[in-house]
Amino acid sequence: MSETITWFPRLATRPGNRRVLVLATVGGAAAFISAGLIWLSRLWDPSVHYVSQLGATGMPTAPVFNSALLLLGIAAVLVDRALLHQSGSYVAGWPIATTLVVCGACFAVASVVTCSPGCPVPFTSGALPQDLIHISAAVLGFVLAIVAMAQVAVLRRRPWMRAASVGTLVAVGVTSLTGAMLALFRGDTVLGGNLEFTAATLAIAWFGIFGLQVAADERITRRSGADALAVAG
């Protein structure tokens with residue numbers, strides 16, 4: 001007499017699933033810590049109007065600010081790694097993971113190649129090659145963060161996350177555009193700087209929320225899989 005044994009894999013203990021939880025949670029937390037460090041730098045020297053000036057060569061706030069910017073880059077890459085191991089589909093046009101890894105690399109470059117004192121606009125008097133590299137990397141990273149928000153906004157996974165992404169996308173777009181116009185036309189630099197800090201904070205907070213949402217999705221997937229195995233057993 002033969003006995004057939006059916007083996008059900010324990011989804012909850014798969015290394016890939018555990019890795020998603022760790023990477024996404026740590027990535028989300030790292031983003032919030034990054035935002036906190038940036039505001040710590042701002043409170044340290046309230047006279048600074050624009051974000052990148054906090055990390056300029058010779059600034060006392062540079063070590064903390066540039067560490068925060070590097071941490072943000074690491075956060076984006078950690079969430080990217082989590083998405084690569086996630087069983088669900090985070091694709092809108094192309095994988096969101098691709099957007100995040102390039103975004104993270106840009107912030108990492110901007111944290112290492114800082115702008116010169118005063119952060120002059122590239123190709124203007126006193127500007128150095130490092131200013132072009134820093135500003136280009138920072139702007140591209142910021143734009144890619146907005147692209148990632150737009151990608152998440154069209155997904156049908158979590159309605160509240162879609163709504164949060166749309167709201168953040170609009171808020172970041174309005175504040176950053178207004179701040180850029182004020183800077184371009186030499187308007188109120190204090191207001192322009194505050195708007196830039198607001199836009200940066202919203203974008204970084206979105207990174208944190210998205211990372212934690214990816215972790216929450218994985219917990220739901222694991223719980224559903226465990227329940228299914230219990231029923232099947």
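By convention here, the first residue in the shown sequence is residue 1.
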Say you draw a straight line from NE2 of His134 to OG of Ser116; how long is it, rounded to the nearest 0.5 Å? 10.0 Å

Side-chain donor-acceptor pair present, Thr61, Asp45, cut-off under 3.5 Å: no

I need the minimum non-hydrogen distance between Ala153 and Val166, along with the two atoms involved. CB-CG2, 3.7 Å

side-chain contact (heavy atoms from CB on, under 4.5 Å), that's the test. Do Arg18 and Leu23 meet it? Break it down for me. CA-CA 9 Å; Arg18 196 183 303 276; Leu23 290 173; over 6 Å; no

Looking only at heavy atoms, what is the nearest atom pair of Ala200 and Val51, with distance? CB-CG2, 4.4 Å

Tell me if a side-chain donor or acceptor on Glu218 pairs with a main-chain N or O of Val22 at a distance below 3.5 Å. no

Check for me, please, whether Leu69 and Leu71 land in the same ILVMFWY cluster - side-chain distances under 4.5 Å, paths through other members count. no

Would you say the side chain of Val91 lies within less than 4.5 Å of the side chain of Ile96, judging by non-hydrogen atoms? no

Point-to-point distance, once rounded to the nearest 0.5 Å, from CD of Gln53 to OG of Ser41: 13.0 Å

Between Thr124 and Pro120, is there a donor-acceptor pair closer than 3.5 Å when you use the side chain of the first and the backbone of the second? no

When you compare the side chain of Glu196 with that of Thr201, does any pair of heavy atoms fall below 4.5 Å? no

Could you see if Leu100 belongs to whatever hydrophobic cluster contains Leu140? Use Ile, Leu, Val, Met, Phe, Trp, Tyr and a side-chain cutoff under 4.5 Å. no

Can you tell if the side chain of Arg162 reaches within under 4.5 Å of the side chain of Val152, non-hydrogen atoms only? no

What class does the angle between the rings of Trp39 and Phe197 fall in, given that below 30° is parallel, 30 to 60° is tilted and above 60° is perpendicular? tilted

Kindly work out whether a path of hydrophobic side-chain contacts (I/L/V/M/F/W/Y, heavy atoms less than 4.5 Å apart) joins Ile33 to Ile74. no

Heavy-atom nearest pair, Val101 first then Thr98, reads CG1-O, 3.2 Å

Are the side chains of Leu70 and Ser67 in touch, meaning some heavy atoms are under 4.5 Å apart? no

Least distance between heavy atoms, Leu21 atom then Ala215 atom: CD2-O, 3.3 Å

Are the side chains of Trp44 and Leu54 in contact, using a 4.5 Å heavy-atom criterion? no

Would you name the heavy atoms of Cys103 and Phe207 that are closest together and state the gap between them? SG-CZ, 3.6 Å

Contact check, side chains of Asp131 and Leu128, non-hydrogen atoms, under 4.5 Å: yes

Donor-acceptor check, side chain of Thr57 to backbone of Pro117, threshold 3.5 angstrom: yes or no? no

Quick check: does any side chain N or O of Gln130 sit under 3.5 Å from a backbone N or O of Thr114, one acting as donor and the other as acceptor? yes

Keeping the roles fixed (side chain from Gln151, backbone from Ala92), state whether a donor-acceptor pair exists under 3.5 Å. yes

May I ask whether Leu155 and Leu212 are part of the same hydrophobic cluster, defined by side-chain heavy atoms of I, L, V, M, F, W, Y residues being less than 4.5 angstrom apart, directly or through others? yes

Check: Arg42 and Phe65 side chains under 4.5 Å, non-hydrogen atoms: no

Would you tell me whether Tyr90 and Asp80 have side-chain atoms, one donor and one acceptor, within less than 3.5 Å of each other? no

Nearest atoms (heavy-atom pairs only) where Val109 meets Ala137: CG1-CB, 3.9 Å

Would you say Ile204 ends up clustered with Leu144 if hydrophobic residues are merged whenever their side chains have heavy atoms under 4.5 Å apart, either directly or through other cluster members? no

Close side-chain approach of Val172 and Phe142, heavy atoms under 4.5 Å: yes

